[in-house]
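So you know, we letter chains A, B, ... as the sequences are listed, proteins then strands, and number each from 1. For the numbers below, each heavy atom of this structure counts, side chains included, while hydrogens, waters and symmetry mates do not.
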Amino acid sequence: RKEVEQDPGPFNVPEGATVAFNCTYSNSASQSFFWYRQDCRKEPKLLMSVYSSGNEDGRFTAQLNRASQYISLLIRDSKLSDSATYLCVVNRGGSYIPTFGRGTSLIVHP
Amino acid sequence: EAQVTQNPRYLITVTGKKLTVTCSQNMNHEYMSWYRQDPGLGLRQIYYSMNVEVTDKGDVPEGYKVSRKEKRNFPLILESPSPNQTSLYFCASSSLAGGGDTQYFGPGTRLTVL
């Protein structure tokens, strides 16, 4: 099993739709979790951190399920500008080295 | 403005010709790292540095060298580039080690080795 796995997609959704991505991780000792956004061939940028209690930022909600070892990202009311690749990042248990998932591609169409 | 800069942004070179990609950050971050990104493989860490004079291998260090003589700079050195090192390279920094805090990425360097 890969350390961090994501469905590569693409997820093709209409504007206004709600879409959810999951990311599974293999190391149960992992402590820090993040979602990054990457536009085509540009640098990744932090979208949000994922806390044990879950967190919400506007239309975006991130949740952590330690028992099943996955994190999720929910995007409500999708906009055209949400089209991007979403990268899941998990730090390796016992170290501070981050592991990136391969990303999930989202395409929002009119 | 807080930023990570990389130079050059684009580079085409030939096999065996040594090259250096510079990375500099102005946020006084202790942690810096280099990644390469290839289609279908995602971001893979090449080397990282926890502080000045402290560097360690990531997942794909073969064919690369780094140095950390100053806190702000973390150059990536390809002593003898080969075509399989053709890739998009990102430098990143963070205030706490690795995944403990937000990583800030440079704009990327697109390298082609002929």
Side-chain angles (χ1 to χ4, degrees), chain A residues 1-10 21 23-52 55 57 60 62 64 69 71 84-105, chain B residues 2-7 9-10 21 23 25 27 29-51 54-61 86-112:
Chain A
R1 181 180 177 185
K2 294 189 180 68
E3 286 192 64
V4 179
E5 289 198 69
Q6 295 182 250
D7 181 344
F21 311 134
C23 166
T24 59
Y25 60 94
S26 60
N27 191 329
S28 59
S30 298
Q31 295 296 322
S32 301
F33 309 89
F34 307 87
W35 284 103
Y36 280 72
R37 171 192 168 128
Q38 185 176 25
D39 294 296
C40 187
R41 305 307 268 175
K42 293 195 173 180
E43 72 271 27
K45 293 183 179 178
L46 180 70
L47 179 66
M48 57 199 311
S49 303
V50 187
Y51 306 121
S52 297
N55 50 311
D57 183 4
F60 299 84
L64 167 64
Q69 293 182 208
I71 65 173
T85 296
Y86 292 84
L87 304 171
C88 167
V89 182
V90 177
N91 87 319
R92 296 176 189 172
S95 79
Y96 296 107
I97 301 172
T99 301
F100 283 77
R102 296 183 182 183
T104 297
S105 175
Chain B
Q3 60 181 352
V4 178
T5 57
Q6 292 179 229
N7 282 292
R9 294 290 311 281
Y10 303 90
V21 184
C23 173
Q25 50 95 3
M27 295 168 279
H29 286 165
E30 296 85 6
Y31 184 92
M32 297 185 74
S33 61
W34 276 102
Y35 297 88
R36 60 178 290 174
Q37 187 172 37
D38 303 289
L41 295 178
L43 278 161
R44 294 179 293 168
Q45 193 176 53
I46 302 170
Y47 268 95
Y48 65 96
S49 170
M50 303 283 275
N51 215 323
V54 181
T55 63
D56 209 344
K57 296 177 180 178
D59 295 317
V60 288
T86 293
S87 188
L88 178 59
Y89 291 86
F90 290 105
C91 178
S93 73
S94 64
S95 63
L96 297 175
D101 199 356
T102 304
Q103 288 202 73
Y104 294 85
F105 285 83
T109 295
R110 189 178 298 277
L111 173 65
T112 301

Kindly say whether [Y] contributes a backbone atom to a donor-acceptor pair with the side chain of [X] at under 3.5 angstrom?
| X | Y | result |
| --- | --- | --- |
| B:Q25 | B:A2 | no |
| A:Q31 | A:A29 | yes |
| B:D56 | B:Y48 | no |

Using heavy-atom distances under 4.5 Å, tell me whether [X] contacts chain A through its side chain, its backbone, both, or neither.
| X | answer |
| --- | --- |
| B:R110 | side chain |
| B:D59 | side chain |
| B:Y35 | side chain |

Quiz prompt | Residue selection (most heavy-atom pairs with chain A, distance under 4.5 Å) from B:G58, B:P107, B:G108, B:S33 | solution =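 Looking at each option in turn, the highest pair count goes to B:P107.
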
Quiz item: Under the side-chain contact (heavy atoms from CB on, under 4.5 Å) criterion, do A:I71 and A:W35 qualify, and how do the steps go?
Solution: CA-CA 9 Å; A:I71 65 173; A:W35 284 103; 3.7 Å; yes

Quiz item: Is chain B contacted by the side chain of A:Q6, its backbone, both, or neither, given a heavy-atom distance below 4.5 Å?
Solution: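 Neither part, no heavy atoms under 4.5 Å.
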
Quiz item: Salt-bridged, B:R44 to B:D38, with N to O below 4.0 Å?
Solution: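 A salt bridge links B:R44 with B:D38.
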
